[in-house]
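This structure is a prediction, so every number in the text was calculated from the model and none was measured. Chain naming here is simple, since letters A, B, ... match the order of the sequence lines and numbering starts at 1 in each.
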Amino acid sequence: MAERKYWLFKSEPSTYSFTDLLNEEDQTAEWDGVRNYQARNMMRDDMKIGDGVLFYHSNAKPMAVVGTAHIVKEAYADHTSWDPKAKYYDPKSNPDSPTWMMVDIKGDERFAREITLPEIKVNPNLQNMLLIRRGMRLSVQPITKDEWDEIVSLGNDVDS
DNA sequence: GCCAACGTTGGC
DNA sequence: GCCAACGTTGGC
């Protein structure tokens, strides 16, 4: 059994929020629309069933990690990539040779309180997160177990 | 709404 | 293969 890994997924809540995920049937959704090779490679090569996912709201008020999820289906072809009506349609991708991949995630729990970007920026234990690197725009990114533990612990403690 | 950072595209 | 132009991300 490989060691559990941890990830942070960004989403603009005006497009798709954590509430939207929890409202899905079985709280499970296809994470489609990723059109960045680095992110695609991580989904394809590194994400395994059971890996932990922090759900982060970008371009939001507030910008914050709002809850947890986990991987329930490992990488497979993102069928929206060859759908001309899809927002992230890519004419170079097709069912015979899919360029883009996605995973499925299942929402777990909403934090008792949101852990905001400003809070992450000043937390000495979270200074290595890609999230706070200038210009780091990866929509899915790896985090360490320590970072996961820290944010989950803060998120579940209303008094922290 | 602005714009810095960065990935992608396409002419050469 | 270089690199300028362009588009997007996403914090501010």
Is it true that A:Asp90 and A:Arg35 make a salt bridge, defined as a side-chain N closer than 4.0 Å to a carboxylate O?
no
Taking the six-membered ring for Trp and the full ring for Phe, Tyr or His, determine whether the centres of A:Phe18 and A:Phe55 are under 6.0 Å apart.
yes
What about the rings of A:Tyr89 and A:Trp82, do their centers lie closer together than 6.0 Å?
no
Give A:Lys92 one of three labels, base, sugar-phosphate or nothing, depending on what nucleic acid heavy atoms sit under 4.0 Å from its own.
sugar-phosphate
Enumerate the residue pairs fulfilling side-chain hydrogen bond (donor to acceptor under 3.5 Å, both in side chains) with a member in residues 49-60 of chain A, sequence neighbours excluded, ordered by first and then second residue.
A:Trp7-A:Asp51, A:Glu12-A:Asn59
Between N or O atoms, less than 3.5 Å apart, protein on one side and nucleotides 7-12 of chain C on the other: list the pairs.
unit_1, atom_1, unit_2, atom_2, d
C:dT8, O2, A:Arg137, NH1, 2.7
C:dG10, OP1, A:Lys10, NZ, 2.7
C:dG10, OP1, A:Arg137, O, 2.6
C:dG11, OP1, A:Tyr56, OH, 3.1
C:dG11, OP2, A:Asn59, N, 3.1
C:dG11, N7, A:Asn59, OD1, 3.2
C:dC12, OP1, A:Lys121, NZ, 2.4
C:dC12, OP2, A:Lys121, NZ, 3.4

A:Lys73 to A:Tyr76 six-membered ring, cation-pi geometry met (6.0 Å, 45°)
yes
